[in-house]
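The structure presented is a predicted model; accordingly, all values stated were derived computationally and were not measured.
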Amino acid sequence: MIKLSNSWLIMNPGGPPTPDKPEISVVNHQAGNTVSSFMNLRVADIHSCYELWSSRGAEFVTPPIDRGAEIRCYMRDPDGYIIEVGQTTVLQA
């Protein structure tokens, strides 16, 4: 994780399905045409974003789920790619 001004660059390894992305696995990089990454957006109020974006047609996999240090959910873009939307719940120094 790298903090740059008001932005964070987060690199996560692959992983299995979780409650907020059931049936979706993030795979480790493989040579060839396999995609192994997704966009991650951090917002100040995830519940407001979820309600607003849902009302405008965004298709979320699940509603936001509290995972302790963050509240997150996933949506798909029009091409089917995964976008994580999260809100940090702990203060960062």
Partner residues of Pro78 under the side chain to side chain contact (heavy atoms under 4.5 Å, CB included) criterion, sequence neighbours left out: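 Partners of Pro78 by the side chain to side chain contact (heavy atoms under 4.5 Å, CB included) criterion come out as none, since no residue qualifies.
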By side chain to side chain contact (heavy atoms under 4.5 Å, CB included), which residues pair with Pro16, not counting sequence neighbours?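 Counting only residues at least two positions away or on another chain, Pro16 forms no side chain to side chain contact (heavy atoms under 4.5 Å, CB included).
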From [X] [atom1] over to [Y] [atom2], what is the distance, rounded to the nearest 0.5 angstrom?
X     : Y     : atom1 : atom2 : answer
Ile24 : Ile82 : CD1   : CD1   : 3.5 Å
Asp20 : Ile71 : CG    : CD1   : 11.5 Å
Arg72 : Arg67 : CZ    : CZ    : 4.0 Å
Ile65 : Cys73 : CD1   : SG    : 8.5 Å
Met75 : Ile83 : CE    : CD1   : 4.0 Å

Would you check if the side chain of Thr88 reaches a backbone N or O of Glu70 as a donor-acceptor pair within less than 3.5 Å?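 A pair under 3.5 Å: no.
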Which donor-acceptor pairs under 3.5 Å do side chains of residues 53-60 form with protein atoms, sequence neighbours excluded?
| residue | atom | partner | partner atom | Å |
| --- | --- | --- | --- | --- |
| Ser54 | OG | Tyr50 | O | 2.7 |
| Ser55 | OG | Leu52 | O | 2.6 |

Might you point out which heavy atoms bring Gly86 and Ile46 nearest each other, and give the distance in Å?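 Here Gly86 and Ile46 meet closest at CA-CD1, 3.9 Å.
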Looking only at heavy atoms, which two atoms of Pro19 and Thr62 are closest? And how far apart?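 It is O-CG2, 3.7 Å.
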Ser48: which residues meet the side chain to side chain donor-acceptor pair (under 3.5 Å) condition with it, sequence neighbours left out?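 With sequence neighbours excluded, Ser48 shows a side chain to side chain donor-acceptor pair (under 3.5 Å) to Asp45, given in chain and number order.
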Using the side chain to side chain donor-acceptor pair (under 3.5 Å) criterion, which residues pair with Asp66? Sequence neighbours excluded.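 Expected list: none.
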Output yes when Lys21 and Glu84 qualify as a salt bridge under the 4.0 Å nitrogen-oxygen rule, no when they do not.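 No, this pair does not count.
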